[in-house]
Structures are given as C-alpha cells and as structure tokens.
Amino acid sequence: MNDEIVELAGRRPKTFGRRKVTPRACVADGKRHLRAFLAEVLEDLGFVTSECASADELQAVLTSDLPDLILLGIAADGIEPGQFLETLVREAFDGKVLAVGARESIIVRAVQQVGEEYGLAMLPPLTTPFAADTLRDRVAMLLPDEPAPSPAVHVGEALHAGWLELWYQPKIDARTLIRCGAEALVRMRHPTWGVVPPAYFIPEEHDPHLRDLSEFVIERAVQDWHYLLEQQSPVDLSINLPASYLKEPQAVRDLCRRVPTHPAFGGLTIEIDSEEAIRELDLLAEVAREVRLHNIGLSVDNLGANWPSLMDLDKIPFIKLKADRHFVTGSGSDRLKRTVCRHIVELSHGYGVHAVAEGVESRADLVSANELGFDLVQGFLFGKPMPLKKFARGSLTKTVMGQA
C-alpha cells in the first residue's frame with residue numbers, strides 16, 4: 001500500500017451508472033487460472049463478468065464495463081492488491097469490493113483495512129477454501145430480487161451479433177459412472193442481461209430464424225467437438241433440433257456433410273422433443289435411414305406420460321429414449337414418477353435402444369435410475385450445463401478453491 005492512496009482518496013468521486021437487472025463483476029487477479037475460475041462461479045450466480053490481470057487493465061474495465069463488484073484476489077506478496085486499490089481510489093469506484101485470500105492472511109486484513117479507511121465499500125473478506133453458497137451470501141445485495149424478464153432481443157439479432165454459444169452437460173454411464181458424452185445446450189450471452197436461458201429466445205416453429213438457429217447449433221457443435229478433441233479426448237455429442245428442420249432434404253444432406261470425418265468421431269445424436277417425434281414418426285424414419293450411414297442417430301427428448309404413443313410399433317427410428325426430468329427427479333419416493341420411468345425403460349429395451357434419465361439431481365435419484373435400469377444419466381448431480389472451456393477442464397465440483 002502506498003501513500004499515493006491518501007492523496008487519491010481526497011479527489012472528487014465519480015459516479016458510475018448502475019445496472020438495474022443483471023449485476024456486473026470484474027475479477028482482478030494476476031493469476032489467469034484463478035481469474036477464469038472465479039469468473040465462472042460468479043457467472044453461475046448471475047453476474048456478467050470481466051477479468052483483469054493488472055491495474056492498467058482494471059482502469060480500462062472501470063471505464064468500459066461499469067462493474068458493480070470487484071473481486072480482488074490477494075497475492076502472497078501484497079503488491080498486486082495494493083496497485084488495484086490505488087486504481088479503485090483514483091477512479092472513485094463506488095461499487096462493492098470483495099477481497100479473496102487465504103485464511104488468517106495478514107495481507108487480506110491489510111487490504112480490508114486500507115480499503116475501508118479510504119472510502120471503498122469493502123464487503124467482509126472471503127477466505128479460501130470456500131463454498132459457492134458462501135460467495136452468494138457475500139454478494140446477495142447485488143443480485144436482482146426477481147428473475148430477469150425476457151430481454152428485448154430477437155434470436156436473429158443475437159445470431160448476427162454473435163451472442164449465442166453452446167454449453168455442455170455431461171452424460172454418464174449409469175453403471176460405471178464414467179462420462180460417455182455430453183448434450184449441447186444453446187445459451188445467449190447478452191451484453192446487458194448476461195447469460196440468458198433458451199426459454200427467453202428460442203423462436204416459435206413458424207419463425208424463419210429457427211432454421212438459422214439450427215444451422216448455428218450444428219456448425220458450433222462440430223467446431224466444439226474439434227476443440228474438445230484437441231484439449232482432452234473425443235466426446236460424443238448430442239444436439240437439439242426441431243423435426244421441422246429435418247423436413248428439408250437439403251438440410252439433412254448438409255447435416256451429413258458437416259459431421260467430422262476424423263477417425264475419433266464416435267457419432268452425433270440429434271435429440272427431438274417427444275411431441276414432435278411422435279407426430280413426425282414417418283418423416284423421422286426416412287431421416288434416420290439416411291443419417292445413420294454418417295454416424296448420426298436420432299433420440300427422443302422429454303418423453304413422459306406420452307410414452308404409450310410409441311408402443312406397438314414394428315420398430316422405431318431412434319437410438320435413445322430420454323425420460324423427462326420431471327419424472328426422473330424424485331422418482332425414488334414418488335410412485336407415479338417411478339411407474340412412468342419404468343415404462344420408458346421397458347419400452348426402450350423392448351426396442352433394443354438405450355434409456356436415458358435426465359434430471360438426476362441427488363444420490364437418491366441415481367439409485368432409483370439404476371434400479372429402474374436406465375443406461376445413461378445426466379443431471380446436476382454430475383454437473384450443470386457449462387461453457388465449453390469449463391467443460392473441457394472437467395470442472396464438475398460444486399464447491400470451490402480446494403473443497404471437495
């Protein structure tokens with residue numbers, strides 16, 4: 001810490017604008033892996049995040065991003081946090097500052113004291129290791145009281161602006177508990193609203209942009225598959241497409257043309273909502289015959305109480321049937337849910353295809369899925385949907401900074 005802070009503290013403060021809905025945070029730390037890790041935790045809490053590794057970068061972020069929170073990593077030598085504090089005082093930062101460092105650290109206490117003395121809004125420091133819930137408690141005052149309403153943006157604008165990306169949730173072999181694939185789920189990273197779930201922007205079936213969105217999902221999934229291959233090992237991916245997209249013969253041919261020809265490519269699964277799949281059985285039978293030669297299979301998504309519609313068929317054009325999460329979660333203690341899941345498993349195995357349980361949120365759900373005979377499981381017990389780079393690192397833990 002240096003005497004320059006005293007002079008800077010006396011300058012007239014500048015008022016930054018405040019985000020009304022989605023809070024913004026900047027992670028200031030000299031270590032890249034810690035910045036990325038902490039930014040991901042904040043994004044899970046609903047923040048729009050940025051990162052900086054130096055005081056100069058922090059100054060630029062304060063001007064351009066108007067953060068509500070600075071998460072200040074405390075280095076062992078204390079040099080970096082001192083420079084960061086000088087910048088915050090110089091720029092009259094009026095948001096919250098949260099110091100993160102080792103328990104019983106003298107430097108953490110010094111940063112806290114100096115920040116308070118010179119008028120920064122210092123939150124109680126966060127000592128490592130810590131759980132995600134502890135961080136949530138520290139920053140609760142910055143989180144919106146209610147979920148953000150739908151942003152005033154159309155999916156066409158999001159596609160043009162490059163705001164869309166794919167997040168990945170692992171699929172797990174129910175018996176070995178080894179990861180055997182992942183489902184790609186589209187997300188919008190809006191510059192103001194932060195990460196927006198698909199319920200807010202997926203277009204209706206008649207919207208012409210639905211085809212553009214489908215094209216994006218296919219193209220990005222293939223790109224991401226190559227990235228995952230370079231980073232670790234090949235992962236079999238599933239993507240979600242509407243049956244209406246597959247009605248166009250050229251779209252199906254383009255899909256077949258785009259899949260990787262790399263020898264490590266294990267296949268692509270196209271998941272189709274159960275209502276559409278049941279309604280378009282004849283079409284999908286034709287599509288399945290064409291795409292299977294290119295290592296592409298079709299799967300039924302969100303199958304629930306409508307499972308009887310797939311009974312008494314000679315065969316089905318699907319390689320997997322996925323039980324709706326609403327019937328999987330809590331199936332161990334709910335007789336109705338368990339009955340529906342059992343019928344889906346029996347239906348799947350009767351046709352010689354895999355049964356998938358989506359919505360495994362607890363150990364009790366996993367036990368139930370195993371008892372019922374599901375082949376694959378996915379759900380928060382094994383990992384939430386996560387950005388590509390985080391998925392590539394295999395970060396599936398629920399606590400952070402050293403806690404299991």
Side-chain angles (χ1 to χ4, degrees), residues 22-23 25 27 33 36-49 129-137 139-140 143-144 147-148 163-174 177-190 193-202 217 220-221 224 227-228 231-232 235-240 269 271 301-302 322-331 356-366 369 374 376-404:
T22 301
V27 179
H33 67 284
F37 185 75
L38 292 169
E40 288 169 359
V41 177
L42 287 168
E43 287 178 358
D44 285 344
L45 295 179
F47 283 83
V48 176
T49 64
F130 62 86
D133 287 345
T134 305
L135 177 56
R136 175 185 287 275
D137 291 342
V139 301
L143 299 174
W163 295 337
L164 297 183
E165 57 191 67
L166 294 183
W167 287 27
Y168 293 89
Q169 184 174 38
K171 289 188 176 183
I172 307 295
D173 185 292
L177 300 185
I178 295 174
R179 189 176 74 182
C180 57
E183 180 180 2
L185 301 160
V186 67
R187 296 289 186 268
M188 179 194 297
R189 196 180 293 272
H190 193 276
W193 294 81
V195 177
V196 179
Y200 289 108
F201 63 85
I202 293 294
V217 169
R220 181 59 57 85
D224 290 352
Y227 174 85
L228 292 170
Q231 295 298 312
Q232 45 175 17
V235 178
D236 294 344
L237 297 182
S238 300
I239 61 175
N240 294 271
T269 301
E271 298 193 13
D301 195 14
N302 303 322
K322 181 190 284 187
D324 190 298
R325 67 174 65 249
H326 297 296
F327 292 95
V328 173
T329 305
S331 58
V356 185
E358 182 178 22
V360 176
E361 315 295 316
S362 66
R363 293 186 182 276
D365 293 338
L366 177 60
F374 280 101
L376 302 173
V377 293
Q378 68 182 96
F380 288 0
L381 180 63
F382 302 101
K384 296 180 179 180
M386 61 193 81
L388 174 65
K389 292 183 179 179
K390 182 175 181 179
F391 177 78
R393 289 197 298 270
S395 178
L396 304 180
T397 55
K398 292 184 179 179
T399 55
V400 297
M401 299 293 285
Q403 282 196 336

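Start at 1 with the first residue, then count along the sequence. All values below were derived from every heavy atom in this structure, side-chain atoms included, with hydrogens, water molecules and symmetry-related copies excluded.
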S.K.: D236: what forms a side chain to side chain contact (heavy atoms under 4.5 Å, CB included) with it, not counting sequence neighbours?
M.R.: none
S.K.: Going by atom types only, do N302 and E271 share a side-chain donor-acceptor pair under 3.5 Å?
M.R.: no
S.K.: With a 4.5 Å cut-off on side-chain heavy atoms, are L388 and L166 touching?
M.R.: no
S.K.: A side-chain contact here means heavy atoms from C-beta on lying under 4.5 Å apart; do L185 and P198 qualify?
M.R.: no
S.K.: Looking only at heavy atoms, which two atoms of L45 and L143 are closest? And how far apart?
M.R.: O-CD2, 3.4 Å
S.K.: Tell me, do I239 and V186 make a side-chain contact under 4.5 Å, heavy atoms counted?
M.R.: no
S.K.: Would you compute the distance between atom CZ of F374 and atom CG of D365 and round it to the nearest 0.5 angstrom?
M.R.: 10.5 Å
S.K.: Mind checking what makes side-chain hydrogen bond (donor to acceptor under 3.5 Å, both in side chains) contact with D44, not counting sequence neighbours?
M.R.: K390
S.K.: Looking only at heavy atoms, which two atoms of G46 and P23 are closest? And how far apart?
M.R.: O-CD, 3.9 Å
S.K.: Taking side chain to side chain contact (heavy atoms under 4.5 Å, CB included) as the definition, give me every residue that meets it alongside V235, ordered by chain and number, with sequence neighbours left out.
M.R.: R179, A182, L228, Q232, L237, F391
S.K.: Might you point out which heavy atoms bring G383 and P170 nearest each other, and give the distance in Å?
M.R.: O-CD, 4.1 Å
S.K.: How many angstroms lie between atom CZ of F380 and atom OG1 of T329, to the nearest 0.5 angstrom?
M.R.: 9.0 Å
S.K.: Once ring-ring contact (aromatic ring centres under 6.0 Å, His included) is applied, do any residues pair with W167, and if so which ones, sequence neighbours excluded?
M.R.: none
S.K.: Could you tell me which residues satisfy side chain to side chain contact (heavy atoms under 4.5 Å, CB included) with R325, sequence neighbours excluded, listed by chain and number?
M.R.: E358, E361
S.K.: Side chain to side chain contact (heavy atoms under 4.5 Å, CB included) between L135 and L42: does it pass, once the steps are laid out?
M.R.: CA-CA 8 Å; L135 177 56; L42 287 168; 4.0 Å; yes
S.K.: Quick test of your reading of the model: are E165 and K389 salt-bridged, counting only N-O distances below 4.0 Å?
M.R.: no
S.K.: Applying side chain to side chain contact (heavy atoms under 4.5 Å, CB included), can you list everything that pairs with L366, at least two apart in sequence or on another chain?
M.R.: L177, V360, N370, V377, L381, F382
S.K.: Over all heavy atoms of both residues, which pair between C180 and L376 is shortest? Give the atoms and the distance, please.
M.R.: SG-CD2, 3.3 Å
S.K.: So if I apply the side chain to side chain donor-acceptor pair (under 3.5 Å) rule between S238 and each of K322, Q169, K171, which one comes out positive?
M.R.: K171
S.K.: Could you give the distance from OH (Y168) to CD (E183), rounded to the nearest 0.5 Å?
M.R.: 11.0 Å
S.K.: Nearest 0.5 angstrom please: M188 CE to W163 CH2, how far?
M.R.: 7.5 Å
S.K.: What distance separates L38 CG from T49 OG1, expressed to the nearest 0.5 Å?
M.R.: 10.5 Å
